[in-house]
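Whatever order the structure lists them in is the order used to number ligands and atoms, beginning at 1.
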Amino acid sequence: MLNDTIHPDKLPRHIAIIMDGNGRWAKTKGQPRVFGHKNGVTAVREVTEAAAEMGIEYLTLYAFSTENWSRPEIEVNALMSLLIETVRKEISTLNKNNIRLQAIGNLTGLPDKTRKALLEGIETTRNNSRMTLILALNYSSRWEIVEAAKKLAVAVKDGQLNVEDIDADAFAAQLNTCDFPDPELLIRTSGEYRISNYLLWQIAYTELYFTPVLWPDFRKKDLYDAIMDYQRRERRFGKTSEQLING
Ligand code: FPP
């Protein structure tokens, strides 16, 4: 059910989420951090379903950053296994709901089993068209930007590109996200006010929304709240309010 104070004509096309607070959630329950990640999957499922129902076209979830490798080995292994398990388990639901799975990040740096499960999920859902669910895995924005710069440098070196032709569009075309529009709304849970190396290029004009809710507690209503907040804002893209009203 769509909350009736959400305007369907003013929905963001793309929502990006930093799913934070799994460890703290587990701690409040006297459980190991991995328990928080497992329960985070429930929130992933809820939010994916709610976003698709509402007509959001793209949903990008920060599932594992390049910095997350420095966590205790037991947690990293558990997260990798959880990803395999979740992707395998959810493929049929994604297909039933016409949702396409995609991924951004350094996928070659993932353990073979995780990469294989992910690529299978991407392949099996590739013709789905209702919504694209993008997992950021072994992802960091600085890595992505450096890779894009290298690709442009190689193209210039090989004589396929003139330096004068490098502009924002040419640069964006080399990013992992080249097939997706920039997010209009970025949500971070758990009361932290940071971007943590996530989609730095893509969020140039994105509305930021921070909530104290810990990720495993995040439910459809929390997504509706974020969208309602977004819809109350005036997006000016550097213009004045008057220009927006008259233009
Ligand atoms: C941040 O919480 C969460 C993560 C680093 C992992 C997110 C993973 C999941 C929700 C599970 C699997 C996801 C998919 C898409 C299948 P934290 O551990 O940093 O929490 P803390 O800040 O309280 O320590």
Side-chain angles (χ1 to χ4, degrees), residues 15-52 56 58-94 97 99-107 109-111 113-122 124-125 131-141 143 186-199 210-220 222-223:
I15 299 177
I17 305 185
I18 302 176
M19 311 182 284
D20 197 11
N22 294 351
R24 275 163 285 162
W25 185 88
K27 202 171 171 193
T28 62
K29 301 197 153 24
Q31 296 285 341
R33 298 176 54 79
V34 172
F35 184 70
H37 298 315
K38 285 189 179 151
N39 281 275
V41 175
T42 309
V44 169
R45 217 179 280 127
E46 277 249 343
V47 165
T48 305
E49 194 182 298
I56 304 298
Y58 300 87
L59 176 67
T60 303
L61 304 178
Y62 207 176
F64 196 87
S65 76
T66 53
E67 288 85 13
N68 285 151
W69 296 111
S70 57
R71 292 191 173 200
E73 199 183 331
I74 188 166
E75 183 174 345
V76 170
N77 291 343
L79 272 170
M80 289 300 142
S81 302
L82 191 59
L83 280 161
I84 300 172
E85 196 186 304
T86 308
V87 169
R88 292 220 170 113
K89 245 205 297 241
E90 301 297 332
I91 285 182
S92 57
T93 313
L94 291 177
N97 288 288
I99 297 170
R100 178 170 73 127
L101 183 67
Q102 287 279 292
I104 55 172
N106 185 1
L107 304 186
L110 289 172
K113 275 188 182 166
T114 309
R115 193 179 51 253
K116 198 164 161 266
L118 184 70
L119 294 179
E120 256 172 46
I122 291 173
T124 317
T125 61
M131 185 179 84
T132 302
L133 171 65
I134 305 154
L135 298 184
L137 271 171
N138 196 17
Y139 175 85
S140 85
S141 224
W143 166 82
L186 169 70
I187 300 170
R188 182 172 191 146
T189 59
S190 91
E192 305 287 350
Y193 299 89
R194 282 190 298 279
I195 301 301
S196 300
N197 218 345
Y198 190 43
L199 303 173
F210 299 97
T211 168
V213 175
L214 302 176
W215 180 251
D217 286 332
F218 198 88
R219 291 293 174 269
K220 290 185 180 185
D222 299 300
L223 182 69

Inset, instruction - Identify, by atom number and element, the atoms of ligand 1 in contact range of L83, meaning under 4.0 Å from any of its heavy atoms. - result: 14 (C), 16 (C)
Legend entry - Option with minimal heavy-atom separation from atom 15 (C) of ligand 1, where the choices are I84, L135, D20: L135
Inset, instruction - Classify the contact between V87 and ligand 1 as side chain, backbone, both or neither, using a heavy-atom distance cut-off of under 4.0 Å. - result: neither
Legend entry - Residue pairs fulfilling ring pair (Phe, Tyr, Trp, His ring centres under 6.0 Å) with at least one residue in residues 66-93, sequence neighbours excluded: F64-W69
Legend entry - Numbered atoms and elements of ligand 1 in range of R24, under 4.0 angstrom, heavy atoms: 21 (P), 22 (O), 23 (O)
Legend entry - N-O pairing of E49 and R45 below 4.0 Å: no
Legend entry - L61 heavy atom under 4.0 Å from ligand 1: no
Legend entry - Option from N39, D222, N22, D20 for which side-chain contact (heavy atoms from CB on, under 4.5 Å) with W215 holds: N22
Legend entry - Numbered atoms and elements of ligand 1 in range of R33, under 4.0 angstrom, heavy atoms: 17 (P), 18 (O), 24 (O)
Inset, instruction - Please work out which of G191, G40, A63 has its closest non-hydrogen atom nearest to atom 8 (C) of ligand 1. - result: A63
Inset, instruction - Within a distance under 4.0 Å of any heavy atom of T86, pick out the atoms of ligand 1 and give their elements. - result: 16 (C)
Legend entry - Parallel, tilted or perpendicular, as decided by the 30° and 60° cut-offs, for the rings of Y139 and Y198: perpendicular
Legend entry - For atom 9 (C) of ligand 1, closest protein heavy-atom neighbour: N22 ND2, 3.9 Å
Legend entry - Contact (N/O only, under 3.5 Å) between Y62 and ligand 1: no
Inset, instruction - Output the list of atoms in ligand 1 that are nearer than 4.0 Å to some heavy atom of N68, sorted by atom number. - result: 5 (C)
Inset, instruction - Under 4.0 Å from a heavy atom of R71: give me the atoms of ligand 1 that qualify, with their elements. - result: 5 (C), 17 (P), 18 (O), 19 (O)
Legend entry - Donor-acceptor under 3.5 Å (Q102 side chain, I134 main chain): no
Inset, instruction - Return yes if some donor-acceptor pair links the side-chain N/O of S141 with the main-chain N/O of L199 below 3.5 Å, else return no. - result: yes
Inset, instruction - Measure from the side-chain N and O atoms of N77 to the backbone N and O of I74, and report whether any donor-acceptor pair falls under 3.5 Å. - result: no
Legend entry - R188 and S196 side chains, donor-acceptor separation under 3.5 Å: yes
Inset, instruction - Give a yes or no on whether E73 atom CD has more than 12 heavy-atom contacts from other residues, nucleotides or ligands under 6.0 Å away. - result: no
Legend entry - N/O separation below 3.5 Å, W215 to ligand 1: no
Inset, instruction - Using a 4.5 Å cut-off on heavy atoms from C-beta on, say whether the side chain of V44 contacts that of T86. - result: no
Inset, instruction - Identify, by atom number and element, the atoms of ligand 1 in contact range of M19, meaning under 4.0 Å from any of its heavy atoms. - result: 1 (C), 2 (O), 3 (C), 7 (C), 10 (C)
Inset, instruction - Report, in ascending order of atom number, the atoms of ligand 1 lying under 4.0 Å from any heavy atom of H37. - result: 4 (C), 6 (C), 11 (C), 18 (O)
Inset, instruction - Would you kindly specify which portion of L214 sits under 4.0 Å from ligand 1, judged on non-hydrogen atoms: side chain, backbone, both or neither? - result: neither
Legend entry - Min N/O separation W25 to ligand 1 under 3.5 Å: no
Inset, instruction - Apply side chain to side chain contact (heavy atoms under 4.5 Å, CB included) to the pair V47 and I15, showing each step before the final yes or no. - result: CA-CA 11 Å; V47 165; I15 299 177; over 6 Å; no
